[in-house]
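Have a look at the structure below before the remarks.
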There are 2 protein chains.
Amino acid sequence: MVVIEDILKKNQLSVTDGRKKILELFISSEGALAHADIEEKTGENFDRVTVYRTLNTFVEKGIIHHIPTTDNSILYALCKDNCEAGHHHDNHVHFICDVCNKTICLDEVTVPTVQLPEGFRPSHAEMVVNGVCGDCK
Amino acid sequence: MVVIEDILKKNQLSVTDGRKKILELFISSEGALAHADIEEKTGENFDRVTVYRTLNTFVEKGIIHHIPTTDNSILYALCKDNCEAGHHHDNHVHFICDVCNKTICLDEVTVPTVQLPEGFRPSHAEMVVNGVCGDCK
DNA sequence: GCATTTTTGCAATAGTGTTGCAAGTTTTAA
DNA sequence: TTAAAACTTGCAACACTATTGCAAAAATGC
């Protein structure tokens, strides 16, 4: 797939097998992925360390973003096109399905602003909703 | 302090040095605490395992609750009185100060409901706001 | 194609959380 | 007050997750 190489090149990254494979995984998967998912789905082809480094690189370049979770695991999902290196626009709500356990970016649902107490100034807000997703209902 | 022992007894827990010390810590600290904070602040007096088990016990009994974080660490904070074992009422917004790094429960700010896409049914929502707190402003 | 730059894999290390078990402490109730 | 029962603790061992340094390998630029 040429498209995948282009994404890497556009972000000034060397095109390597590992990066292509991992990026492909993100593109073809609906929900968010954890490090463990990636290791599993890429088979035994890559070193754990390579996966970690690739994920970090992708986050730095703004190709994927970090998703907050309630249960203390790290999840990643593809960024939309308006994300740039070091400046994410991922202010949407994340949804975790209690049934299929997928984490889904609700790109069309933005995090609402809340009224904070006197003296508090917000800079960023995250929201995670649990429940049953459209596929599992 | 007699009050601390009463809290433990009310929750059918044996009164031990470790539990008293850790509960005291929570009561006297403003923000949320991580496992590491507790180990640090209780000195070398307790085993790591004891701290883990005490925290789990407190969560089960509804004395403290789990706070979601963006950065994959586990934080705990005191529950308000209306929390009971197995049934938390901690649906308030949590605030993380970018300056002092404290995590604060905004008990008076409840998590807003958002409009989800067709077919999604929510069961629970968490919200974490970053920014500058009242003390650091 | 060759030199430079970047990435990878390995080994080692650190952090975090859990479990089994024996020893110690707290509770209960006589 | 004391002894048995119940519970908690500390230790050792283990598992999982993540990071770093370094040499070998691959990708890039010319």
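Chain A is the first sequence line, chain B the second, and so forth, proteins listed ahead of strands; every chain is numbered from 1.
- Using cut-offs of 30° and 60° on the angle between ring planes, the pair B:Tyr76 and B:Phe26 is perpendicular.
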Report all interatomic pairs (protein N or O, nucleotide N or O of nucleotides 28-30 of chain C) with separations under 3.5 Å.
none

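- Side-chain heavy-atom separations under 4.5 angstrom define the hydrophobic clusters, and the remaining members of the one that includes B:Val132 are B:Val99.
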Between protein and nucleic acid, restricted to nucleotides 21-29 of chain D and to nitrogen or oxygen atoms under 3.5 Å apart, what atom pairs and distances do you find?
{"from": "D:dT28", "atom 1": "OP1", "to": "A:Val15", "atom 2": "N", "distance (Å)": "2.8"}

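- A tilted orientation is assigned to the rings of B:His94 and B:His65, their planes being inclined by 30° to 60°.
- Rounded to whole Å, atom C1' of C:dT8 lies 15 Å from atom CG of A:Leu55.
- Taking atom CZ on A:Phe58 and atom P on C:dT7, their separation rounds to 11 Å, with Å as the unit.
- The side-chain contact (heavy atoms from CB on, under 4.5 Å) check on B:Ser123 picks up A:Asp98, A:Asn130, with sequence neighbours excluded.
- Identified under the salt bridge (Lys or Arg N to Asp or Glu O under 4.0 Å) test for residues 45-58 of chain A, with sequence neighbours left out: A:Glu39-A:Arg48.
- Phosphate proximity of C:dG9 to A:Thr50: present, with a side-chain N or O under 4.0 Å from OP1 or OP2.
- Distance CZ (B:Phe46) to C1' (D:dC11): 16 Å, rounded to an integer number of Å.
- Rounding to whole angstrom units, CG of residue B:Asp47 and C1' of D:dT8 are separated by 12 Å.
- Residues in residues 102-112 of chain B take part in these salt bridge (Lys or Arg N to Asp or Glu O under 4.0 Å) pairs, two or more places apart or across chains: B:Glu30-B:Lys102, B:Lys80-B:Asp107.
- Between B:Asn56 and C:dT18, a side-chain N or O to OP1/OP2 separation shorter than 4.0 Å is present.
- Between A:Gln12 atom CD and C:dT7 atom P the separation is 11 Å, expressed in whole Å.
- Rounding to the nearest 0.5 Å places CD1 of A:Ile22 at 13.0 Å from NZ of A:Lys41.
- Judged by atom type and distance alone, B:Arg48 does not reach the base of D:dG10 through any side-chain donor-acceptor pair under 3.5 Å.
- Atom OH in A:Tyr76 sits about 11 Å away from atom C1' in D:dT17, given to the nearest Å.
- Listed for the B:Arg19 side chain is a donor-acceptor partner under 3.5 Å among the backbone atoms of B:Ser14.
- Rounded to whole Å, atom P of D:dT19 lies 11 Å from atom CD of A:Glu60.
- In this structure, the CD atom of A:Glu39 is 14 Å from the P atom of C:dT8, given to the nearest Å.
- Note on B:Tyr52: every side-chain N or O is 4.0 Å or more away from OP1 and OP2 of C:dT18.
- Closest to the side chain of A:Arg19, from the set C:dG17, D:dG10, C:dT7, is C:dT7.
- Note that the CG atom of B:Leu116 and the CD1 atom of A:Ile104 stand 10.5 Å from one another [nearest 0.5 Å].
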